[in-house]
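Scroll down for the structure; my scribbles are underneath it.
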Amino acid sequence: QKEVEQDPGPLSVPEGAIVSLNCTYSNSAFQYFMWYRQYSRKGPELLMYTYSSGNKEDGRFTAQVDKSSKYISLFIRDSQPSDSATYLCAILNTNAGKSTFGDGTTLTVKP
Amino acid sequence: DGGITQSPKYLFRKEGQNVTLSCEQNLNHDAMYWYRQDPGQGLRLIYYSQIVNDFQKGDIAEGYSVSREKKESFPLTVTSAQKNPTAFYLCASSNNLHTGELFFGEGSRLTVL
């Protein structure tokens with residue numbers, strides 16, 4: 001079993017829709033939770049990170065962490081065609097000093 | 001501009017040949033990483049280095065080698081021992097081992113003919 005499991009997708013939504021991207025993890029040592037966005041043939045870029053249970057908002061994006069369930073989510077409100085990309089969750093194990101990534105979910109937002 | 005530069009962007013090699021991918025950063029970050037990305041499999045850690053002259057194996061180190069002689073540079077050699085080397089290789093750096101925030105290069109796509 002993988003340490004980080006990400007809902008595989010792909011996801012296709014109309015412009016303006018609310019998008020929910022989800023990951024689960026198994027290692028309680030994981031302490032920091034990140035979402036990266038990767039456009040085609042490019043390197044990933046950090047979108048959001050959080051370390052505590054609860055919600056963190058940044059514009060149209062909300063990162064949600066539930067440590068008791070080992071579940072993290074990224075919500076995108078009022079989705080735009082420019083949001084079309086692959087979204088990767090990543091979780092840092094501070095003891096090991098390295099991050100483990102989910103397999104990514106490819107999102108397409110249609111105009 | 002500060003960032004991470006990977007070269008070459010595209011590389012073709014014949015079976016049995018070693019190839020070295022370059023990664024240079026001017027962000028003054030201590031930690032550097034190499035990941036491999038295959039379709040549908042996310043990012044898998046090959047090697048990482050938290051300080052000059054020191055590095056650790058990641059989850060899929062077999063068939064790869066690295067060096068960290070300078071803070072700015074972390075080259076990756078894909079050796080002939082790597083059985084399935086065709087992939088997209090990503091280099092990253094970090095200045096915050098507590099949060100793990102990674103800054104990525106644009107990637108190098110290696111194809112074995």
Side-chain angles (χ1 to χ4, degrees), chain A residues 1-11 21-27 29-52 56 58 63 65 72 85-107, chain B residues 2-10 21 23-25 27 29-51 54-61 87-111:
Chain A
Q1 185 186 0
K2 292 183 180 180
E3 285 190 307
V4 179
E5 298 272 5
Q6 184 167 358
D7 288 353
L11 230 50
L21 304 166
N22 307 294
C23 290
T24 58
Y25 63 95
S26 57
N27 190 339
F30 288 155
Q31 295 180 340
Y32 283 85
F33 309 90
M34 290 154 283
W35 286 95
Y36 288 83
R37 178 175 60 196
Q38 184 179 25
Y39 292 113
S40 182
R41 298 188 180 87
K42 299 289 187 183
E45 56 179 343
L46 182 69
L47 204 53
M48 296 186 72
Y49 82 86
T50 185
Y51 57 88
S52 56
K56 181 179 180 180
D58 185 1
V65 175
I72 66 171
T86 296
Y87 290 81
L88 299 149
C89 64
I91 307 179
L92 173 68
N93 181 335
T94 53
N95 295 334
K98 56 179 182 172
S99 295
T100 300
F101 282 79
D103 286 345
T105 301
T106 298
L107 171 68
Chain B
I4 298 179
T5 302
Q6 288 187 241
S7 63
K9 196 171 177 66
Y10 298 96
L21 307 180
C23 178
E24 303 279 330
Q25 56 103 354
L27 300 168
H29 287 175
D30 286 317
M32 297 187 74
Y33 306 78
W34 274 106
Y35 288 90
R36 168 180 172 142
Q37 188 174 33
D38 295 284
Q41 291 195 44
L43 274 64
R44 292 183 290 167
L45 183 62
I46 304 172
Y47 268 98
Y48 63 109
S49 167
Q50 296 183 349
I51 197 168
D54 189 35
F55 49 82
Q56 289 77 40
K57 292 183 178 180
D59 301 316
I60 55 165
F88 188 50
Y89 291 89
L90 287 159
C91 179
S93 70
S94 177
N95 67 342
N96 193 334
L97 296 180
H98 295 291
T99 65
E101 179 181 354
L102 297 169
F103 295 81
F104 284 89
E106 292 283 275
S108 294
R109 186 166 299 278
L110 171 64
T111 303

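A, B, ... follow the sequence lines: proteins, then strands. Residue 1 opens every chain.
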Checklist entry - Near B/Lys57 NZ, under 6.0 Å, is it more than 12 heavy atoms from other residues, nucleotides or ligands? => result no
Item to check | Which portion of B/Ile4 sits near chain A, non-hydrogen atoms under 4.5 angstrom | outcome: neither
Next on the checklist: Taking side chain as everything from C-beta outward and backbone as N, CA, C, O, which of these in B/Tyr89 sits under 4.5 Å from a heavy atom of chain A? Side chain, backbone, both or neither.
Outcome noted: neither
Checklist entry - A/Tyr49 ring centre to A/Lys56 NZ or CZ under 6.0 Å, with the angle to the axis within 45°? => result yes
Checklist entry - Is a donor on one side and an acceptor on the other found under 3.5 Å between the side chain of B/Glu24 and the backbone of B/Ser7? => result no
Checklist entry - Hey, which of B/Leu45, B/Leu102, B/Leu90, B/Asp59 has the most heavy atom pairs under 4.5 Å with chain A? => result B/Leu102
Next on the checklist: Given heavy-atom pairs under 4.5 angstrom as the criterion, report whether the side chain, backbone, both or neither of B/Gln37 touches chain A.
Outcome noted: side chain
Checklist entry - Do other residues, nucleotides or ligands put more than 12 heavy atoms under 6.0 Å from the CG atom of B/Leu27? => result yes
Checklist outcome for this item: Under 4.5 Å to a heavy atom of chain A? For B/Leu43 that would be both
Checklist entry - Which word best sums up how the rings of A/Phe101 and B/Tyr35 line up, parallel for under 30°, tilted for 30 to 60°, or perpendicular for over 60°? => result perpendicular
Item to check | Among the listed options A/Asn93, A/Val4, A/Asp103, A/Thr106, the residue most often paired with chain B at heavy-atom distances under 4.5 Å | outcome: A/Asp103
Checklist entry - Does any N or O in the side chain of A/Tyr25 come within less than 3.5 Å of the main-chain N or O of A/Thr100, such that one atom is a donor and the other an acceptor? => result no
Checklist entry - Where does A/Gln6 contact chain B at under 4.5 Å (heavy atoms): side chain, backbone, both or neither? => result neither
